[in-house]
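The structure appears right after this line, and notes come after that.
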Amino acid sequence: MDLSKPLDHDGQLSIFTTKSPEGLDLVRHDAAHIVASVVQRLYPGTQVTIGPTTDDGFYYDFARDKPFTPEDLEAIERAANEEIRKDLPFSRSEVTREEALALFGELGEKFKLEIIEDIFAKGARSLSLYRHGDWVDFCLGPHGPSTGRVGVIKLLSVAGAYWRGDHRNAQLQRIYGTAFFTQKELDAWVTQQEEARKRDHRKLGKELDLFAFHPAAPGAVFWTANGTMLFTTLQAAMRRMCLANGYIEIKTPLLYNKMLWEKSGHWGKYRENMFLILDPEADPTLPEEERASISLKPMNCPSHHLFYEMKRRSYRELPLRLHTQDVLHRNEATGVLSGLTRVRQFQQDDAHIYLMESQIADEVARLTKLIAKVYDAFGLSFVAKFATRPEQKIGDDALWDKAEAALRDALEQTGLAYELKPGDGAFYGPKIDFDVADSIGRKWQLGTIQLDYNAPERFDLGYIGSDNASHRPVVIHRAIYGSFERFIGILIEHYAGNFPVWLAPEQARLLPVSERHHAWAEEVAGKMREAGLRVEIDRSHGKLGAMIRDAQLAKIPYALVLGDKEVEARGVSPRKHGTGKEADLGLMPLEAFLTQITAEAEIPY
RNA sequence: GCUGGCGUAGCUCAACCGGUAGAGCACCUGACUUGUAAUCAGGAGGUCGCGGGUUCGAGUCCCACCGCCAGCUCCA
């Protein structure tokens, strides 16, 4: 509520000021109204829809045939900021359903009429209107007292959006913007955005020579030697952890006859995301999906189920934990591909755990511990989210009731705090998603624990129990990194390219001061490589300063200066990555440095 | 897939109203033999994303395609 609304009941009253986050959210809401009002003035005939605030600002969706150009955006921004200078008061009033329909009907606002009907259909008694100048919108509020309180509005971009988020509906034009109380706060935000762009994994991937893309293979990564080192180091770390925790690693085929996908349910629910291989013998007039006889796997689960059922299983084998890092292909829509975070070919640190129902709680507890251990090692904090059955699903409701109850109980027993995501489960079962926050506070969905009662039915999986009778196991799908590709993308941004020693593709660079120091550099490199470390010698004839600079820009954890003093002492002078005097660690014996860096090169989980 | 924007040397970016492509870094060669964030000089490098069209003439204007970016829908 705002200052113009009468207090009509008792309750908690807290006051929002320019200092509180709610205050900022409020002016952004004001800003959305202001932008909508000037858009309708500058571009008559444009219809308004909705204009909510976001974490970073606000947007407003408009229906207009002609798209807004970047020049339009500038004009709108200028006009919006003039409205602020006019300091027009916001005034609030309430109307009935009929009054609201009459008002917006007269204005010709089709989308608003639809929203009004919805609001009253949900049981509202009246609608609150907010006016500033001669423009009116209905809105829950609250709003500030006048447009002058907004400070400054900056428009960011135009994008297409669908009415009510459904791609079958009308395409609208969404104008993104943000607002702040002062220009100074806006400038600070802009600077912060620029800083975030500097650590964009696509930019750093190029600068640090980690990976590349080619138009001939959109959505598929070329990993350079450096990037491959990141990839294989993470693979090895996950392998080691899995082996230490009762998993076995297997490899399965990449291509399957479609009979597998029909059995798993993917053919019905997931086919449009699968790369199909057409049968050359098939009738060319048939639609593609009928000519396809085989497909690249988009997930590992069906392969694992086949693997499980190839042998008769005993209850003594359970939980049977299968780990696989195979290559997967998903035919993602062109518009969604983005750097490493959304690709068509990727590898997951995937596992499927076959177990008895009585083992679910214990296994979920073990898994959450493993997940926490891994994220901790990277300094990533996380939140657990419990996701229930989606609209597109397989299996009957009784099975879903059972699966959701079992997974939820298991989650509660871990004592972990969690949030709910209704309808966000996988099509075969409910799941716990782990959303991590990186060093600049961005959220990513990474790990997942999914409980599946459907697959064992479809694949007719069984095990022989202690009673010598056949029983149905349950399956848990789990991943911790999620996919190597996305995880590496996130790590690049999280570390801003400054990888810890154990991950860094080049862990140390040796800088001989002049050619007569190369022999000692070779010897140091040999010793370090024997210790399993990744080192290179800078053989350029540049000055030391230039070599230091190159090593710094390449974000190599240690640069070792090797000159007369070091040769004499059979030592090295390490300079830790980073600026300032503390970066130079001074002359130390090679053995001492080896002990230090070897410890830092250990896998931390 | 949809809406909008963009695509010039390995990278970052110039090139007016349409007049025939330029810089820095990187690379190669030579000189310099260097002590904690850039040594100097020279050289080489481009079918302006691809294919059509308009024009005396297209990097520049138009069309189609490919790719990338910001979103939407979807998602590891």
Side-chain angles (χ1 to χ4, degrees), chain A residues 54 59 61 64 66-70 72-73 156-176 197 200 202-203 206-207 209 212-219 270 272-273 298-300 328 330-344 346-350 392 424 426 433 444-448 450 477 479-487 489-490 511-518 540-553 559-566 573-581 583-587:
Chain A
T54 62
Y59 64 81
D61 285 348
R64 180 186 182 227
K66 263 180 77 181
F68 294 108
T69 64
D72 292 339
L73 225 57
L156 304 170
S157 61
V158 217
Y162 300 103
W163 170 237
R164 302 204 150 158
D166 190 324
H167 66 277
R168 288 164 303 199
N169 288 345
Q171 175 112 33
L172 308 173
Q173 295 190 58
R174 176 170 298 179
I175 293 182
Y176 278 90
R197 259 207 302 285
D200 186 310
R202 291 165 298 194
K203 188 173 155 67
K206 233 179 239 174
E207 288 172 2
D209 193 25
F213 288 93
H214 193 279
Y270 206 75
E272 61 181 31
N273 280 303
M299 299 179 186
N300 290 305
L328 304 175
R330 295 185 191 174
N331 194 3
E332 302 288 351
T334 50
V336 306
L337 300 177
S338 176
L340 294 179
T341 50
R342 197 70 186 276
V343 290
R344 284 185 172 148
F346 60 101
Q347 285 164 259
Q348 293 180 320
D349 61 325
D350 208 358
Q392 283 269 325
D424 213 33
D433 280 337
W444 307 90
Q445 198 251 295
L446 289 187
T448 184
Q450 308 176 353
H477 307 242
I480 299 180
Y481 299 149
S483 81
F484 287 93
E485 283 77 3
R486 183 177 288 182
F487 192 61
I490 291 163
L511 312 179
V513 173
S514 79
E515 257 168 59
R516 67 174 180 277
H517 307 115
H518 278 211
S540 68
H541 290 197
K543 291 198 158 166
L544 182 61
M547 293 194 281
I548 295 271
R549 182 168 192 273
D550 288 344
Q552 289 294 319
L553 292 177
L560 306 186
V561 176
L562 304 174
D564 289 338
K565 281 188 296 184
E566 289 75 20
S573 292
R575 189 190 204 275
K576 227 179 157 70
H577 178 263
T579 45
K581 277 186 193 138
D584 185 358
L585 304 184
L587 179 62

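Residue numbers begin at 1 in each chain, while the letters A, B, ... track the order of the sequences.
Under the 3.5 Å distance criterion, the side-chain polar atoms of A:Ser483 are matched with a main-chain donor or acceptor of A:Arg486. The backbone N or O of A:Val158 sits nowhere less than 3.5 Å from a side-chain atom of A:Gln173 that would complete a donor-acceptor pair. For the pair A:Arg575 (side chain) and A:Ala559 (backbone), a donor-acceptor distance under 3.5 Å is absent. Checking side-chain atoms of A:His518 against main-chain N and O of A:Glu515 turns up no donor-acceptor pair under 3.5 Å.
A:Asp564 contributes atom CG, which lies 4.0 Å from atom CZ of A:Arg516 (distance to the nearest 0.5 angstrom).
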Q: Might you work through the side chain to side chain contact (heavy atoms under 4.5 Å, CB included) test for A:Asn273 and A:Arg344, ending with a clear yes or no?
A: CA-CA 9 Å; A:Asn273 280 303; A:Arg344 284 185 172 148; over 6 Å; no
**Q.** Residue pair A:Asp200, A:Arg202: steps toward the salt bridge (charged side-chain N to carboxylate O under 4.0 Å, His left out) verdict
**A.** CA-CA 5 Å; A:Asp200 186 310; A:Arg202 291 165 298 194; 2.6 Å; yes
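Summarising the geometry of A:Ser540 relative to A:Met547, their closest heavy-atom pair is OG-CG, 4.0 Å, with the distance given to 0.1 Å. Between A:Glu566 and A:Val561 the shortest heavy-atom distance is CG-O, 3.3 Å. Between A:Tyr481 and A:Asp349, the closest heavy-atom pair is N-OD2, 2.8 Å.
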Each nucleotide N or O in nucleotides 9-12 of chain B that has a protein N or O under 3.5 Å away: list the pair and distance.
unit_1	atom_1	unit_2	atom_2	d
B:U12	OP1	A:Lys206	NZ	3.4

Nucleotide N/O to protein N/O under 3.5 Å, stretch nucleotides 62-64 of chain B:
none

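Spacing of P atoms, B:G5 relative to B:A41, comes out at 45 Å, to the nearest Å. Nucleotides B:U54 and B:G71 place their C1' atoms 34 Å apart, quoted to the nearest Å. On the P atoms, B:U12 is 15 Å away from B:A26, given to the nearest whole Å. For the P atom pair drawn from B:G18 and B:U29, the interatomic distance equals 44 Å after rounding to whole Å. Taking atom P on both B:A21 and B:U3, the two are 37 Å apart, rounded to the nearest angstrom. For the C1' atoms, the distance from B:A14 to B:C75 is 40 Å, rounded to whole Å. If you take atom P in B:G42 and the same atom in B:U47, they sit 26 Å apart, rounded to whole Å. Between B:C25 and B:C62, the distance separating the two P atoms is 36 Å to the nearest Å.
Within the 4.5 Å cutoff, the side chain of A:Leu337 has heavy atoms near those of the A:Pro218 side chain. Side-chain contact check for A:Arg342 versus A:Glu485: every heavy-atom pair is 4.5 Å or farther apart.
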Q) What string of B, S and - do you get for nucleotides 26-35 of chain B, 5' to 3', if B is base contact, S is sugar-phosphate-only contact and - is no contact with any protein heavy atom under 4.0 Å? A) ------BBBB
Q | Under 4.0 Å protein heavy-atom contacts per nucleotide of nucleotides 69-76 of chain B, with B for base, S for backbone only and - for none | A | SSBBBBBB
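B:C25 takes the anti form, because its glycosidic angle lies more than 90° either side of 0.
With sequence neighbours left out, A:Trp163 forms a ring-ring contact (aromatic ring centres under 6.0 Å, His included) with A:Phe111.
Nucleotides of RNA chain B nearest to A:Leu553 and A:Phe68 differ in position, and the one nearer the 5' end is that of A:Phe68. Closest-nucleotide positions on RNA chain B for A:His577 and A:Thr69 were compared, and the one nearer the 5' end corresponds to A:Thr69.
The aromatic rings of A:Tyr162 and A:His167 lie perpendicular to each other, with more than 60° between the two planes, well past the 30° mark.
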Q) Dot-bracket, RNA chain B: Watson-Crick or G-U, under 3.5 angstrom, [ ] crossing, | other strand? A) (((((((..((((.....[..)))).(((((.......))))).....(.(((..]....))).))))))))....
